[in-house]
Every structure is written in structure tokens, then in C-alpha cells.
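Everything numeric in this text was worked out from a predicted model, so none of it was measured. Residue numbers start at 1 and run along the sequence shown.
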Amino acid sequence: MIKIQSSKFNHVVEHYEFKLENGDTLFIHERDLEDDMSHESVQENKYYPVFADTEYSDEPKEIIGFEMIKNSLNDLLKIKENILVDEIYLPYLGKCKVINNLDEKSNSFVATSAKVLNKHRKDENGVKYEIFGDADYTESIKIEIDYENKIVSGYYFKKWIGGLIEKFNFKFIIQEDSIKTTNDIAEPEYIHLTFSCELGE
């Protein structure tokens, strides 16, 4: 638990300000003070309140500290049907815009492909090539995200200046410390996710 260093109430906006021992700050509206809900901090971390034990008391619930919500894959596994992946960074390919499609069986969105934002490349000798999703020059590459095993796999094609086309399969490891989650007011039921990958062993 992260302890509270100080707290004060702003009567104008009806918010409590909590300064935490880790240097972060939370602003919580008075109406939300007793709710067991997550709150975003000034440093864009998310916390759950920790309440004093008042189970057998008529006293109002008192916040005595906060627990930071970890953006770990184990946490995300519990809500993966509510995840929309926005962007990922892949070795050799760079930043990719992810495409999520509705899976009719699970009635949830699944990341199925990604558009490489910089498809025009040069090798170490300055020879130009382009990245495509298949030999027919589809822009989006096929991907599959395995949250349980922390892996992003798929394949892509290189089309060289001379016309040669090569296929490359990949399997990259998700970097847990790179995971960032956001919420969209227009889609409050979904968690928007971005992360980076690294080469496997």
C-alpha cells in the first residue's frame, strides 16, 4: 500500500487532493470518495483506494492509502475480451497501427493485423525494399497476440527493388514494462492498449 502524505479538500470544486509518499497526486471528487473504483493520478498512474476497516461501524469509509494498478499481462488476461490494441512496436518493423476485428464466437474484438507505419526501408547497403502483408502487396501484416504466453507472432513480406519477394515469420516477446492502457470516453467499456516487443531467445 502507498501511504498518504497529506490530503485537503477544495470546497470550490468539491475535490479532495491526496499527495502520496511516492510523489504522485490524486484528485477525487467528494461524491466518489467512498466508492471502490480506480482513479487516475497526475502522473497518469491508476490507483485503487484502500479503506480503513469499518465493516461493523456506521462511520463513513476512510481512505488510508492507495494501491497502484499494475499494467501486467496477468491483469489484462482477466479483461482481454474488453481490450482494443491501438499500437505496437515490433523489432525490424517499428511502430504499427493495429487493426481489431470482431470475433463472432466470443463477441469481442481481436487484433488480427497491423499496418507498418514506415513500410519503405533500406538495408545496411542502402538497397531499398518495401514491407507488405502478403505477396499481393496487402499493406497490413498478419499478427496474432498470445497474452497467456506473452507473444506476438505473424509474418510479413519484403519486396526488393529488383522484384524479389521474401517472406519472414516472426515471434516476438511482449515487454511488460512498456504496456500502457487508456480509456476512451466514447467507449468506456474498452481498454485501449499499446506496447512494445523485443526479440525472443
Over 12 non-hydrogen atoms of neighbours within 6.0 angstrom of CD in Glu144
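No.
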
Would you find more than 12 non-hydrogen atoms of other residues, nucleotides or ligands less than 6.0 Å from Lys171 atom NZ?
no

Any donor-acceptor pair under 3.5 Å linking the side chain of Glu30 with the backbone of Glu14?
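No; judged by distance alone, with no hydrogens or angles, the pair does not exist.
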
Parallel, tilted or perpendicular: ring planes of Phe9 versus Tyr16, cut at 30 and 60 degrees
tilted

Under 30°, 30 to 60°, or over 60°: which ring-plane class applies to Phe66 and Tyr47, parallel, tilted or perpendicular?
perpendicular

Side chain to side chain contact (heavy atoms under 4.5 Å, CB included) between Lys97 and Leu117, worked out
CA-CA 7 Å; Lys97 185 74 174 178; Leu117 297 185; 4.0 Å; yes

Joint hydrophobic cluster, [X] plus [Y], side-chain heavy atoms closer than 4.5 Å:
X	Y	result
Leu84	Val110	no
Ile4	Phe51	yes
Val152	Leu199	yes

Taking side chain as C-beta onward, heavy atoms only, is [X] less than 4.5 Å from [Y]?
X	Y	answer
Phe172	Ile88	no
Glu130	Arg121	no
Asp123	Trp160	yes
Phe157	Asp134	yes
Phe168	Tyr92	no

Under 4.5 Å side-chain linkage, directly or through intermediates, the cluster mates of Met1:
Val50, Ile64

Applying side chain to side chain contact (heavy atoms under 4.5 Å, CB included), run through Asn10 and Phe27 and close with a yes or a no.
CA-CA 10 Å; Asn10 186 321; Phe27 294 95; over 6 Å; no

Does a side-chain N-to-carboxylate-O contact under 4.0 Å join Lys158 and Glu166?
no

Lys19 with Glu17: basic N within carboxylate O range, under 4.0 Å:
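Result for this pair is yes, salt bridge flagged.
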
